[in-house]
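A note on names: the letters A, B, ... follow the listed sequences, proteins ahead of strands, and every chain is numbered from 1. As the structure is a computational prediction, the values presented were derived from the model and not from experiment. Below, all heavy atoms of this structure are taken into account, side chains as well, without hydrogens, waters or symmetry copies.
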Amino acid sequence: MRVSRSREVLVPGLLILALTIIGLVALLEKGPLQVLTAPGAYPGNNGPLGTSTLYQKLRENYTVIPATNWGYLRQVLSPCNVSVVILIVSPETPYTNEDLESISYLRSSCKKFSLLVADEGVESNKVLEGIGSSLRISEAMLQPYSLIANLSTPWGWSGRVLLDKASAVNPLQTSGNLEPIGFVEVLGTPIAYYENIGGVEVVVIGDGSLFLNQVLESSVGEYSLSFMKSTISHLCGVPGECIVLMEASKYMGLDPVEVLRSNDRRLISLLNIVDVMLSFLAKILHPSTWLPPLLNLIDYSIRSLIELNPYFKGFIVVVSAILVALMVARERRVRDSMLEDVTEVDWYGFGEFRRHLLSQGAKITKQDFITLYNMVDSVLRTLTGSSLEDPRLPQVLETLGIDAVEAERYRGFMVKYYRRATKQSLWPPIVLWGRVARKAILLSERILEPLGVSIATPSRLELIVERGLRIGGGS
Amino acid sequence: MEVVNATRRLLALILVGGLFVAFDIVGTARTGVLGLSLIILAIASRVYVTLAQGALATCSVKGSYRGRVEGGDVDVEYELCNNSIIPIAVVELSLNYPQYLRLSRGSRGGLIAIPPRGCVGYRVSYKGRVGLHRIGPLRAVLRDPLGLYRGVELSLGPVLEVRIRPFANERVLRAIFQASRASGISRSRRPGEGVEFYSVRDYRPEDELRRVYWKALARGKLAVKEFESEISTYVLFVLALDETMLYGPYLETPLEHASRILASIAEYVSRRGDYTAILTIGPGILARTEFKRGRRGYMNIIELLSSINYEDHILRGSHEVKAIVGDKMRMAKYVKAMCPRERINVIAVTSASETTSSLIKNLSPLRSLGFSINALILIPQLYGLHRFNPFERAVYRLKVHSDVKRVHAYIKELRSHGVNAIMVTPWETPSKVIARIYGV
């Protein structure tokens, strides 16, 4: 048996194409991709000179945020109801005034503020100055580069660490809450200080290399890590209420394309090659890299072709027209009409007559006059015992409060025209039945009203007529 | 059919856009960007309508209503919630409801926009008319703001089955009570415990002193007053339906008048503790309730009246129902089967059409079993007179008089079959009707 297969198109191709274009334009609108690879003590660098290991180790116990933008952090941490420890390891670029203002804001607004600087350069001095510390890192590096320092902190950690290209830490003044916590062996130079400025605790150590990946992953790394953990633990207090802001904004970044293009083996050895390759790919694939040149190329090609051959313009118009025609032809066109609303209706007996009566008024005929005569006659016979033809009717009606003269006139009018309508009489010869019937209705209403019956208002008219028919068995 | 279709506006827009691009290429005008923008706008609209149509189709729509009594406000509400992150605009809505209902508040349709992850409500009200009415679903059509594309029509939300009960007010009940006391709707014609005076007889030694007839004593004779004992009766209501029962203005049709009469009498009878049941017969309905005493009987009747659907039960017929109703013996047998071996008081309400009158006539064989049959014949042509001025009303009455005479003939015929038939005009209250049934 042959099984026929049909392809069901669930998502139109045009829709996918359009969504793709929208996505590309959106990416383009965000600008070129800023993929940077920093060879320095950047927390995202897992090369030998990076601090990614420190970042990972601290994350095990604390909330650690890489501070890539101090201004943004100021907004995020406002209001700041937690303890904050800023950790700065060997920054490479200078701090701006905006950065310092943001750090000062955190100092004044956070529940508790502490600073830990590990730097052999002078970039951190601005931060120390900004928060009012009297400690400064010396510009001159200690000789020789490899030294051993003895550390002994007021919070009970003591031990020896290996320094690599360290600088001395000098206080601007010796008075105040200052306490040296580390000295270089042999030289006796102070290498680390602890300072308390009105509740703001500051720890400065004149060497950032203590916390680099290459040291922490080496055999001597455990001392550095132990010192760091002990210091952060002291500065933070309760781990759950403390955020560590790890400097990540003051390092020189390198474009991965440039790194690969330079073919600098020394530089590449300082970086993680897998990260560099991934960054490179991301940069290459981003539409900002290839879309503008592609559009330029297309534009240039079309212009060249137009300049080359004047008939090419016509060709483009024809192709465009075909594309537009195809696009329009693909669409199924429908008449765009409003949704039909429910038409509310009332049903009536004699519906046609009702509509006519309400819109154009009543047309009254001879037959209507005869009907009226019979109705009134039936009512009078039921209520008074006298019919319209009975000459004693006016006297009877007089007893019910109706003027006898008027009643006699009415009786005469009704009987005269009833005889004419039923051809018992030929007088009057010309009758406008509409007018006669109208007058008869008005007169009848006046006669029947004192009897409690009405043709023009809801009343027991039909019931009385029925009773009259039952008693008299009349028309 | 496509989920999204183009309207004729799209063709116009694309042509204009194409012309602008062509002018630019040929070099007569710098309109290329504008032309391309128009074409991109058309594509963007297509994308938007496709996405929004999907969001509209997956909207969660809840429907509910408040109000259950005839003449009161019945509020119908739909809540449309957009679960997606795509804003839905512009949606044209239209509510499906029976054409014999009339909205008193709100619009039959409208244009709405539903924000992403947001909800909008749509509410209408109408004055409740007795019966079962199916309201909903909402019909919806989505368009882009320029109307270049139109989604297919969607049905959103549930169909609400709105049941409206007839209204029986306390004032009418009191009037019925007075009328029934005078008429003896449930007299036993035997002396005993009760409130109705029966006779005066000579005093016997066991008689209570409070029953002594003081006026007789004043004349020197010791006598006591006797009261008529009350009995529990069985009342069977029969409501015969046909399309003429729907004639008349909103809330003032014979069906509504009949329901009010039946509900009022049923409420009164139930308060007395009598057994009641109802039989509803129409082109598409043959339904009954069991005889129950007191409140339960009344509630059964109200429930049945509020389940009459105009379209299914009155305007559309069923061969099976017609076969039973049209056969005199089968009809009598059907009614007999639902009644206990008691004296049954039948109160039938119907319009004065040939079908329904013959139906009542078919109940007449039950008289031989001791049933008393009362028929209230309504005149559909007289409903809705109030919309005329007095003179037009008089003329209209003359015109329908021939029909009224035909009703007289029906009534006469029913009476010849032993049915106590009376004509009921639209302006008669249930208490007046009761009084007329029993000739007070």
Side-chain angles (χ1 to χ4, degrees), chain A residues 11-12 14-15 18-19 22 306 313-314 316-317 320-321 324 327-328 331-336 338-351 353-354 357-358 361-362 364 368 371-372 374-375 437-438 441-442 444-445 454-463 465-466 469-470 475, chain B residues 2 5-8 10-11 14 18 21-22 25-27 39 43 46-47 50 92 94-97 99-102 108-109 139 141 147 150 153 243-244 246-250 379-382 384-385 387-388 390-401 403-404 408 411 423 425-427:
Chain A
V11 182
L14 185 65
L15 178 65
L19 284 174
I22 289 169
I306 288 171
K313 277 185 183 177
I316 291 175
V317 170
S320 305
V324 168
M327 183 182 157
V328 174
E331 297 289 355
R332 186 175 176 276
R333 282 190 297 282
V334 292
R335 191 183 170 81
D336 187 19
M338 254 179 73
L339 281 177
E340 211 169 299
D341 283 332
V342 175
T343 310
E344 296 170 350
V345 292
D346 283 334
W347 291 294
Y348 287 99
F350 288 98
F353 176 69
R354 275 182 70 91
L357 192 60
L358 285 169
I364 313 169
D368 295 325
T371 307
L372 176 69
N374 289 331
M375 275 171 73
R438 271 170 206 276
I441 289 170
L442 296 174
S444 302
E445 196 64 8
S454 170
I455 317 170
T457 54
S459 69
R460 54 202 177 113
L461 176 78
E462 280 77 13
L463 302 178
V465 172
E466 188 215 355
L469 291 177
R470 223 188 308 162
S475 56
Chain B
E2 291 277 336
N5 297 299
T7 64
R8 289 175 184 174
L10 175 75
L11 181 63
I14 293 287
V21 173
I25 292 170
V26 174
I39 293 170
I43 295 168
R46 175 72 153 92
V47 172
T50 309
E92 184 189 356
S94 180
L95 179 67
N96 261 359
Y97 62 93
Q99 56 179 358
Y100 50 76
L101 291 184
R102 186 172 297 162
R108 291 171 222 182
R139 292 182 298 137
V141 166
R150 182 187 203 270
E153 187 180 314
E243 62 176 31
T244 62
L246 300 179
Y247 285 179
Y250 199 72
I379 312 167
Q381 288 78 4
L382 290 182
L385 275 182
R387 288 194 53 191
F388 296 122
F391 184 73
E392 286 169 346
R393 204 177 290 142
V395 174
Y396 182 81
R397 249 172 163 170
L398 294 178
K399 294 285 182 189
V400 300
H401 188 67
D403 266 40
V404 175
H408 296 155
I411 290 173
M423 187 169 77
T425 53
W427 33 88

Applying a strict 4.5 Å limit to non-hydrogen atoms, the region of B:Thr7 in contact with chain A is both

Side chain, backbone, both or neither: which part of B:Glu153 has an atom under 4.5 Å from a heavy atom of chain A? side chain

Between A:Trp347 and B:Tyr100, is a side-chain contact (heavy atoms from CB on, under 4.5 Å) present by the stated rule, with each step listed? CA-CA 8 Å; A:Trp347 291 294; B:Tyr100 50 76; 3.8 Å; yes

Identify whether the distance between the nearest side-chain nitrogen and carboxylate oxygen of A:Asp368 and B:Lys399 falls below 4.0 Å. yes

Based on non-hydrogen pairs under 4.5 Å, which of A:Met338, A:Arg335, A:Arg333, A:Arg354 is most in contact with chain B? A:Arg354

Distance in Å, A:Asn374 CG paired with B:Leu398 CG, rounded so as to fall on 0.5 Å steps: 10.5 Å

Would you please classify the geometry between the B:His401 ring and the B:His408 ring as parallel, tilted or perpendicular, with 30° and 60° separating the classes? perpendicular

Using heavy-atom distances under 4.5 Å, tell me whether B:Arg139 contacts chain A through its side chain, its backbone, both, or neither. both

So which atom in B:Gly384 and which in B:Pro249 form the shortest heavy-atom distance, rounded to 0.1 Å? CA-CD, 3.3 Å

Stepwise ring pair (Phe, Tyr, Trp, His ring centres under 6.0 Å) test for B:Tyr247 and A:Tyr348: CA-CA 4 Å; B:Tyr247 285 179; A:Tyr348 287 99; 8.0 Å; no

Taking side chain as everything from C-beta outward and backbone as N, CA, C, O, which of these in A:Ile441 sits under 4.5 Å from a heavy atom of chain B? Side chain, backbone, both or neither. side chain

Chain B contact via A:Ser444 - which portion, at a heavy-atom distance below 4.5 Å: neither

Quick check on B:Leu10 against chain A: is it the side chain, the backbone, both or neither that has a heavy atom closer than 4.5 Å? side chain

Side chain, backbone, both or neither: which part of B:Ile411 has a non-hydrogen atom closer than 4.5 Å to chain A? side chain

